[in-house]
Amino acid sequence: SISESLAYIDTLQEIILFHNYDIGGSIPDCFKGLNNLQNFACEYCSFTGTIPSYFYSLPSLYLFDLSRNFLTGSLNLNFTGANFSSLGMEHNYLTGSISHILIPNLISIMIKSN
C-alpha cells in the first residue's frame with residue numbers, strides 16, 4: 001500500500017512507482033495536496049476504480065501516467081486547469097471519446113488499448 005504520510009511531503013516533485021503490482025486498490029487521496037508534484041508515473045501498479053479528479057488541478061503536474069492498470073471510467077474527463085504535457089492512460093478499461101480532451105500544453109497522449 002501507499003503510505004498516507006506522502007501527503008505531508010509538500011516539496012515532493014516526482015513519484016515513479018513502476019511494476020509495484022502489490023499496491024492495487026483505488027488511488028489514495030494522499031497525493032491531492034502535492035502542489036509541487038511534476039511527474040506522476042504509476043504503471044503496472046494494479047490500481048482499480050476511477051482516476052481521482054484532483055490530479056487535473058495539481059498546478060505543477062506535467063507528466064501524468066497511469067498506464068497498464070485496471071482503471072475504469074470515462075475519457076471525457078474535465079481537464080480544465082490541467083497543465084499536462086504528457087498524458088498516459090493506455091491499457092486500462094477507460095471508455096468514451098477523446099474529442100473533448102482539451103489540455104493547452106499537451107505534447108504527448110497515450111491512450112491505446114482501452
Side-chain angles (χ1 to χ4, degrees):
S1 71
I2 297 174
S3 173
E4 293 291 323
S5 64
L6 283 176
Y8 302 106
I9 308 173
D10 58 358
T11 56
L12 196 60
Q13 294 182 3
E14 186 171 75
I15 295 175
I16 308 292
L17 298 172
F18 290 169
H19 297 276
N20 280 286
Y21 305 102
D22 294 336
I23 293 175
S26 298
I27 299 171
D29 287 338
C30 63
F31 307 115
K32 79 166 63 173
L34 300 178
N35 291 324
N36 292 311
L37 191 63
Q38 296 175 9
N39 299 319
F40 186 85
C42 295
E43 293 184 29
Y44 294 104
C45 290
S46 300
F47 283 133
T48 59
T50 59
I51 301 165
S53 61
Y54 64 78
F55 280 110
Y56 313 131
S57 60
L58 291 176
S60 300
L61 190 58
Y62 298 107
L63 181 141
F64 185 49
D65 193 343
L66 287 169
S67 297
R68 294 172 170 80
N69 283 287
F70 301 98
L71 298 169
T72 57
S74 176
L75 283 169
N76 295 333
L77 303 168
N78 183 1
F79 287 99
T80 303
N83 290 316
F84 310 145
S85 59
S86 180
L87 176 64
M89 298 289 163
E90 60 190 343
H91 297 280
N92 279 290
Y93 297 95
L94 302 170
T95 60
S97 169
I98 63 167
S99 63
H100 294 98
I101 297 177
L102 302 172
I103 304 172
N105 299 323
L106 194 62
I107 295 170
S108 172
I109 185 169
M110 300 159 289
I111 56 170
K112 69 180 180 181
S113 298
N114 274 289

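Positions are given from 1, in the same order as the sequence printed here. Computed from a prediction, not measured in an experiment: that's the story for all the values here.
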Does Phe84 offer a backbone N or O that forms a donor-acceptor pair with the side chain of Asn105 under 3.5 Å? no
Determine whether a donor-acceptor pair (N or O, by modelled atom type, separation under 3.5 Å) exists between the side chain of Ser86 and the backbone of Phe64. no
Between Leu58 and Phe40, is any pair of side-chain heavy atoms under 4.5 Å apart? no
If you round to the nearest 0.5 Å, how far is OG of Ser113 from CG of Asn92? 10.0 Å
pair Gln38-Glu14: side-chain heavy atoms closer than 4.5 Å: no
Within the structure provided, determine whether Lys32 and Ser57 are in side-chain contact (heavy-atom separation under 4.5 Å). no
Do Ile15 and Leu34 have side chains that approach each other closer than 4.5 Å (heavy atoms only, starting at C-beta)? yes
N/O donor-acceptor pair under 3.5 Å between Asp65 side chain and Glu43 backbone: no
Taking a hydrophobic cluster as the set of Ile, Leu, Val, Met, Phe, Trp and Tyr residues connected by side-chain heavy atoms closer than 4.5 Å, whether directly or through intermediates, do Leu17 and Ile27 fall within one such cluster? yes
On a heavy-atom basis, the closest approach of Ser3 and Cys30 is O-SG, 3.9 Å
Backbone N/O of Ser67 and side chain of Asn69: donor-acceptor pair under 3.5 Å: yes
Is the side chain of Asn114 donor-acceptor paired with the backbone N or O of Met89 at a distance under 3.5 Å, no angle test? yes
Starting from Tyr21, walk the hydrophobic network (Ile, Leu, Val, Met, Phe, Trp, Tyr; side-chain heavy atoms closer than 4.5 Å) and list everyone else you reach, by chain and number. Tyr44
Just so I know, are the side chains of Ile107 and Tyr62 near enough to count as touching, which here means a heavy-atom distance under 4.5 Å? no
Hey, is OH on Tyr8 packed in by over 12 heavy atoms from elsewhere, all under 6.0 Å? no
For Ile9, give me all partners under side chain to side chain contact (heavy atoms under 4.5 Å, CB included), at least two apart in sequence or on another chain. Leu6, Thr11, Leu12
Do Ile23 and Leu66 belong together in a cluster built from hydrophobic side chains that touch within less than 4.5 Å? yes
With a 4.5 Å heavy-atom cut-off, do Ile111 and Leu94 have their side chains touching? no
ILVMFWY network linking Tyr56 to Met110, side-chain heavy atoms under 4.5 angstrom: no
Interatomic spacing from CD1 in Ile2 to CG in Asp29 - rounded to 0.5 Å: 11.5 Å
If you group Ile, Leu, Val, Met, Phe, Trp and Tyr by side-chain heavy-atom gaps below 4.5 Å, do Phe47 and Tyr54 land in one group? yes
Side chain to side chain, Leu71 and Thr50, heavy atoms closer than 4.5 Å: no
To the nearest 0.5 Å, tell me how far Ile109 CD1 sits from Leu87 CG. 5.0 Å
Side-chain (Ser60) to main-chain (Asn35) donor-acceptor, under 3.5 angstrom: yes
